[in-house]
Amino acid sequence: MAPAASAAANDFPSGYQGYHTYAEVTAELQKAVANHPDIAKLSSVGKSYEGRNLNLLTIGSGTGKPEVLFTCNQHAREHLTTEMCLHIVQRFTDGYATDSKIKNMVDTHTIYVVPNVNPDGSEYDISGGRFHNWRKTRKPVPGSTAIGTDPNRNWDYQWGCCDGSSTNPSAQDYRGTAPFSEPETRALADFINAHQVKAHIDFHTYSELVLWPFGYTTSPTATGMTAAEAKRFQDLGKAMAATNGYTPEQSSKLYITDGDINDWSWGTHKILSFCFEMYPTGSNPGFYPKDTQIVPQTTRNDPAVDLLIGQV
Ligand code: LU0
Ligand code: ZN
């Protein structure tokens, strides 16, 4: 008989059970809608490779308002980010009736939240009651024995341009056979293409950074990024970082990436698109902070989220 404290096959291990599995996230989203049907709606932007819904929670009432998007869990093992999106959902729904600042933001915006961009990967990462240190999607790479593409190298803006991703299917930053080769990135891009998103944060872990485009070049300006636009990113990035204590910098200062969601969002749609690398700063605890960190590390970003929403 298994020891009583052991995790179920697809649950988080002991010390991590405050994290939400994909099924638990879905149940929380359904609960948010049941409790707040006037301002919350659950739909999906499409399906993952393994057929899971890519849940989309829309918060707001009415149309024609500035649209803001929050995305989480492109990278499978970055479970704290899923909690960040869930926290945003809960704060903007549960807080609506009692917090006038929340009410005002919801009344004047449409807020989209996608808590699991890569649910196949995050479910795989916790399978068997232990962590697998998985990053990528779960679609087999055609013509290879390798599984998975880095979704954050799979976006169709300067894809594969600049040595910021790999052509090796076994690499952690494998860019895929083509832009949007992954059903998850394709679906999310189609959703963004069909809407009028003005501002966006894609949450990752870890390093405690606020990052802005472009990632493909170390130059602050480039085609599609004027000096004035670069300054807006810098000013807002620094202002948000002043609220959460993260380090603000252009994405390429961390390292060069090509085909990431932020370059695509700005380069294609002029969306004010940031990457937040959440807690911790270093490899201990790295991608796997205990669940006691969920509340402090998600609430830590409330003022930055509000600042971004206030921009549009
Ligand atoms: O995709 C990544 O490599 C990110 C950083 C970029 C968004 C600049 N870092 S992560 O994979 O460690 N979350
Ligand atoms: Zn990441």
Side-chain angles (χ1 to χ4, degrees), residues 19 69-85 114-122 124-125 131-138 148-166 168 171-176 179 182 184-185 188-189 200-220 222 225 233-234 237 240-241 246-267 271-289 297 301:
Y19 284 89
L69 172 66
F70 299 100
T71 53
C72 294
N73 181 223
Q74 276 208 85
H75 290 142
R77 63 193 165 196
E78 297 171 15
H79 302 285
L80 186 61
T81 70
T82 303
E83 302 304 318
M84 186 70 229
C85 271
V114 182
N116 293 108
V117 174
N118 179 11
D120 299 352
S122 57
Y124 174 72
D125 193 55
F131 292 123
H132 294 259
N133 206 22
W134 194 256
R135 169 181 171 93
K136 299 190 283 182
T137 61
R138 289 296 297 167
T149 287
D150 184 345
N152 209 29
R153 300 294 184 279
N154 193 234
W155 292 75
D156 192 8
Y157 189 81
Q158 298 284 1
W159 180 79
C161 70
C162 302
D163 212 19
S165 57
S166 178
N168 176 355
Q172 290 289 349
D173 61 347
Y174 175 56
R175 70 172 73 114
E182 303 310 284
E184 297 84 1
T185 53
L188 184 54
H200 168 232
I201 299 173
D202 187 44
F203 288 97
H204 288 254
T205 64
Y206 57 89
S207 289
E208 301 191 2
L209 303 170
V210 171
L211 304 175
W212 56 81
F214 285 119
Y216 80 88
T217 173
T218 54
S219 174
M225 180 73 83
F233 270 112
Q234 290 158 15
M240 290 193 291
Y246 291 6
T247 300
E249 62 192 26
Q250 185 175 334
S251 180
S252 52
K253 191 153 181 228
L254 178 63
Y255 44 72
I256 294 278
T257 56
D258 45 43
D260 78 29
I261 189 173
N262 307 110
D263 281 12
W264 180 86
S265 296
W266 174 257
I271 296 168
L272 219 39
S273 179
F274 289 86
C275 167
F276 277 26
E277 293 274 11
M278 295 176 67
Y279 175 89
T281 52
S283 58
N284 183 18
F287 294 112
Y288 297 109
Q297 298 305 330
N301 284 320

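Just follow the structure's listing: the first ligand is 1, and inside any ligand the first atom is 1. Residue numbers run from 1 in the order of the sequence given. All of these numbers come straight from a predicted model, not from anything done at the bench.
- Under the 30°/60° scheme for interplanar angles, the aromatic rings of Y124 and W134 are found to stand perpendicular.
- Judged by distance alone, the side chains of D263 and Q158 never bring a donor and an acceptor atom under 3.5 Å apart.
- The N, O or S atom of H204 lying closest to the Zn ion (ligand 2) is ND1.
- Side chain to side chain, N154 and T149 fail the donor-acceptor criterion of an N or O pair below 3.5 Å.
- F131 and Y288 have parallel rings, their planes meeting at less than 30° on a 0 to 90° scale where 60° marks the start of perpendicular.
- With N301 as the partner, the side chain to side chain contact (heavy atoms under 4.5 Å, CB included) test is satisfied by one option alone out of F276, Y279, F70: F276.
- For ligand 1 and R135, the ligand atoms under 4.0 Å from any heavy atom of the residue are 1 (O), 2 (C), 3 (O), 10 (S), 11 (O).
- The residue among F276, Y255, F274, F203 with a heavy atom at the shortest distance from atom 2 (C) of ligand 1 is Y255.
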Next on the checklist: F214 vs Y216, test: side chain to side chain contact (heavy atoms under 4.5 Å, CB included). Steps then yes/no.
Outcome noted: CA-CA 6 Å; F214 285 119; Y216 80 88; 3.5 Å; yes
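- For E78, the nearest N, O or S atom to the Zn ion (ligand 2) falls under 2.8 Å.
- Side chains of T137 and N118: no donor on one and acceptor on the other come within 3.5 Å.
- Of all protein heavy atoms, the one lying nearest to atom 12 (O) of ligand 1 is T205 O, 3.6 Å.
- Taking distance alone, with nitrogen or oxygen atoms compared against 3.5 Å, N262 stays at or beyond that limit from ligand 1.
- Atom numbering of ligand 1 starts at 1 in the shown order; those under 4.0 Å from a heavy atom of C275 are 7 (C).
- Ranking protein heavy atoms by distance to atom 7 (C) of ligand 1, first place goes to N152 ND2, 3.4 Å.
- Looking at E78, E277, R153, H204 and measuring to atom 1 (O) of ligand 1, the nearest heavy atom belongs to R153.
- Polar contact check, D150 against ligand 1: no nitrogen or oxygen pair lies under 3.5 Å apart.
- Scanning the protein for heavy atoms near atom 8 (C) of ligand 1, the closest one is S251 OG, 3.1 Å.
- Side-chain contact of S165 with R175: a donor-acceptor pair under 3.5 Å is present, judged by distance alone.
- Between the Zn ion (ligand 2) and the N, O or S atoms of H75, the shortest distance is to ND1.
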Next on the checklist: Run the side chain to side chain contact (heavy atoms under 4.5 Å, CB included) test on I261 and L188 for me, step by step, so that the C-alpha distance in whole Å, both residues' side-chain angles and the decisive distance to 0.1 Å come before the verdict.
Outcome noted: CA-CA 10 Å; I261 189 173; L188 184 54; 4.0 Å; yes
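- Considering both main-chain and side-chain atoms, H75 comes within under 3.5 Å of ligand 1 through a nitrogen or oxygen pair.
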